[in-house]
Amino acid sequence: MKTRVYQFVKAAALSLQDEMGVRFELPDIIIEHPKRREYGDFSTNLAMVAAPLFKTSPLEIAKGIIARKNNIPCGFIERFEIAGPGFINFFIERNCWYELLKEVYLKGADYGKSKMGRGAEVQVEFVSANPTGPLHVGHGRGAVVGDVLARILSFAGYSVSKEYYINDVGNQMNLLGSSVYARYMNVFGKDVVFPDNGYRGDYILDIAKEIAEKEGGRFASLPAEEALPFFIEYASGSILKGIELDLKDFGVTFDRWFSEKELFKGGKVEKTIDKMRSKGLIYEKDGALWFKTTLFGDDKDRVLKKADGSTTYFASDIAYHEDKLERGFERIIDVWGADHHGYKPRIEAFIKAHGEDGKKLDVVLVQLVSLLRGGEKVSMSTRAGEFVTLRDVIDEVGSDAARFFFLLRKSDAQLEFDLELAKKQTPENPVFYVQYAYARICSIFSVAEQRGIAVPSFDEADLALLSLDEEIELIKSITMYPEMIESCAAGLAPHHLVFYLQELVSLFHSYYNKNRVVSEQPEEMPLTLARLFMCGALKTVIKNALGVLGITAPEKM
RNA sequence: GCGCCUGUAGCUCAGGGGAUAGAGCAUCGGAUUCCGGUUCCGAGUGCCGGGGGUUCGAAUCCCUCCAGGCGCACCA
């Protein structure tokens, strides 16, 4: 509908240019939903923006554009209005809304899908937590943001690939291995110095015990260096499996798990460095190898290879991003914890150095989550290993509530997550409020069914009977869904969808309370059918939206 | 010191150049024989952190200051 208004305005503006004998590139035409109902269904500020270009007053332009209505088809617009300093407000013909409602019915589960992405290949990389311990709440937020973003993009017509990058190389792996090794030795009564910054969580001991059970004491007699590779391999593998399971239970899956180790095995890291060297972007200083990222907007050059000959994390990362580019993705979206924000310029620098548009990369930052329990802060300290895991949260509040809460704020704002609230079966709990609306509609349908009334198809219902203001508002809100998906996709902002759902559902609860859907009066059957039809469309939209969020739509609660 | 994010109602936060700045919760008052109890309606509250600028128009953009968070390794 918005598109139709847009097309009209554009055609009208062009035609107005001809009439006035002027020609210039039109400014972007913005069609918006006015905040106030009396300003119509849509409005545009074009007349004000274009006034200087047309060299006349906004009022004249607005009049001119509206005058085009005789030449340009716009039967769907009931009336126009010029308001305020020069807004043009559009009031849409009521029948058009009914038509849109039928579209919901016809498209069903596909309603809201868009071709916006034109099938462009997009990669979303997210979570990518080091396999050194279980996922904690913060990772959980990143997981949901990435996952829902991917779902939104694919709904919006992109071809999306979800990926988890595993940092299974480097110091932290050695540290993990030696931590488990130390615990293992303890099991056999041997005292080994626990590494300084070792991992102290209970899970380390669990893994050590598991190894002791399966492998016996055969490593106890080996020198540490010989035993270590096994411990690293075993521990990271076991932790990764746990991570995968936690994510799966959280409704998050990946198309690919990409191992950093594989980059080295294939010589990819060296190859990427060589490539940059051949472009003259590498130099040596203080025995280390540097990459001239400053040429591409970074604020200092970065080390790729340390004086001791080992490569940095950044070296792996550019190799990884080169791999992404080579796989032909048109867009690369990295979802990172906000503490990595400083990392963006150097990755972007690499992409530019590689000869690609830096805009190919989007970084979505996910801010901290602080847990509350009935308003009281739950303390989390990673250091002591007593942090709250994602698993704990899912077990306590369930996957649905956790997912919803993680999306309740824009991702780059800090989030307070109240565990007590998430469990409440009351309307102050937004998840409940939304799911309840769905269950309520299902309940209406079953009442109708008991009375032998089937939910009508679009040609059985006379939608013109839906004439109440609340009904029109509800229909408008229902049919705004496709637009919502597109705007979430464009802004990489999943939280908009959550806000939309809450507003939509609130309109329904309010409507429900005032009006009876299934009437007792036989003569009101046509109205009942029309209302059932509308509820059916609403049901579809709620279900589709919850589906995109990865949240279940329960028929009963 | 430099960079990024944040500062909006009592609380948690939307809105990120447009018209009278919104929602939920909390508070107070009212409705609800019902399809579903856990629902609904109404009311009040704002120097949009301060100051300057750009603009026909600024919560929104720019500068500056203040406050909070997070980054700023030859760590990962």
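Throughout, a chain's letter reflects where its sequence line sits, starting with A, and its residues are numbered from 1.
Figure legend: cation-pi geometry between R302(A) and F314(A) absent, as NZ or CZ is not positioned both under 6.0 Å from the six-membered ring centre and within 45° of its axis.
Atom name C1', nucleotides G15(B) and G46(B): the rounded distance is 15 Å, in whole Å. Spacing between G7(B) and C47(B) at atom C1', rounded to whole Å, works out to 15 Å. Using atom C1' as the reference point in both G10(B) and U45(B), the two lie 8 Å apart (nearest Å). A distance of about 50 Å separates the C1' atoms of G3(B) and C41(B), rounded to the whole Å. Distance check on atom C1': A9(B) versus C66(B) gives 22 Å, rounded to whole Å. Taking the C1' atoms as reference points, G51(B) lies 26 Å from C13(B), given to the whole Å. G42(B) and U32(B) have their C1' atoms separated by 15 Å, with the value rounded to a whole Å. To the nearest whole angstrom, the two P atoms, one in G22(B) and one in U55(B), are 28 Å apart.
Of the residues near RNA chain B, V518(A) and A83(A), the one whose nearest nucleotide (by heavy atom distance) lies more toward the 5' end is A83(A). In terms of position along RNA chain B, the nucleotide closest to L368(A) lies nearer the 5' end than the nucleotide closest to the other residue of the pair L368(A) and S310(A).
Considering only side-chain N and O atoms, K306(A) lies under 4.0 angstrom from the phosphate OP1 or OP2 of A76(B). Close to A23(B), at under 4.0 Å from its OP1 or OP2, lies no side-chain N or O of S506(A). In this model, the phosphate group of G69(B) is not approached by any side-chain N or O of H341(A) to a distance below 4.0 Å at OP1 or OP2. Taking only side-chain nitrogens and oxygens, K410(A) never comes nearer than 4.0 Å to OP1 or OP2 of G16(B). Put simply, K300(A) has no side-chain N or O that comes within less than 4.0 Å of OP1 or OP2 on C2(B). In this model, the phosphate group of C35(B) is not approached by any side-chain N or O of Y511(A) to a distance below 4.0 Å at OP1 or OP2.
Within 4.0 Å (heavy atoms only), H495(A) reaches sugar-phosphate atoms of the nucleic acid but no base atom. Note on D286(A): a base of the nucleic acid sits closer than 4.0 angstrom, heavy atoms only. Looking at heavy-atom distances under 4.0 Å, Y433(A) makes contact with sugar-phosphate atoms alone, never a base. Among the heavy atoms of the strands, none lies under 4.0 Å from E503(A). Among the protein residues, A307(A) comes within range of the nucleic acid bases, having at least one heavy atom under 4.0 Å from a base atom.
The pair K268(A)-E262(A) does not meet the salt-bridge criterion, since no charged nitrogen lies less than 4.0 angstrom from a carboxylate oxygen. Ion pairing between a basic and an acidic side chain is recognised when a charged N comes within 4.0 Å of a carboxylate O; D418(A) and R373(A) show no such pairing.
A distance of 6.0 Å or more separates the ring centres of F42(A) and Y6(A). Taking the six-membered ring for Trp and the full ring otherwise, the centers of Y39(A) and F87(A) sit at least 6.0 Å from each other.
Counting to the nearest Å, the C1' atom of A26(B) and the CG atom of D418(A) are 14 Å from each other. Atom C1' of nucleotide G15(B) and atom NE2 of H496(A) are separated by 9 Å, given to the nearest angstrom. Put simply, CG on D412(A) is 13 Å from C1' on C13(B), counting in whole angstrom units. Whole-Å rounding puts the N197(A) CG to A76(B) C1' distance at 12 Å. Between the CZ atom of R302(A) and the P atom of C75(B) there is a distance of 13 Å, given to the nearest Å. Remark: C1' of A76(B) and CG of D196(A) are 17 Å apart, rounded to the nearest angstrom.
A heavy atom closer than 4.0 Å to some atom of RNA chain B occurs in K35(A), R36(A), E38(A), Y39(A), S43(A), these being the qualifying members of residues 35-44 of chain A.
Using Watson-Crick or G-U wobble geometry with both donor-acceptor distances under 3.5 Å, G16(B) finds no partner in any strand shown.
Donor-acceptor pairing under 3.5 Å, judged by distance alone, is present between the side chain of N45(A) and the base of G18(B). One donor-acceptor pair, N or O on each side, does fall under 3.5 Å between the base of A19(B) and the side chain of N89(A).
Relative ring orientation between W336(A) and H340(A) is described as tilted, the plane-to-plane angle lying within the 30° to 60° band. Classified by interplanar angle (parallel below 30°, tilted 30° to 60°, perpendicular above 60°), the ring pair F80(A)/F90(A) is perpendicular. Using bins of under 30°, 30° to 60° and over 60° for the plane-to-plane angle, the ring pair Y320(A)/Y165(A) lands in the parallel bin. Between F405(A) and F417(A), the angle of the ring planes stays under 30°, which puts this pair in the parallel group of the 30/60° scheme.
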So which protein nitrogen or oxygen atoms get under 3.5 Å of nucleotides 9-12 of chain B's nitrogens or oxygens?
| residue | atom | partner | partner atom | Å |
| --- | --- | --- | --- | --- |
| U12(B) | O2' | R409(A) | NH2 | 2.5 |

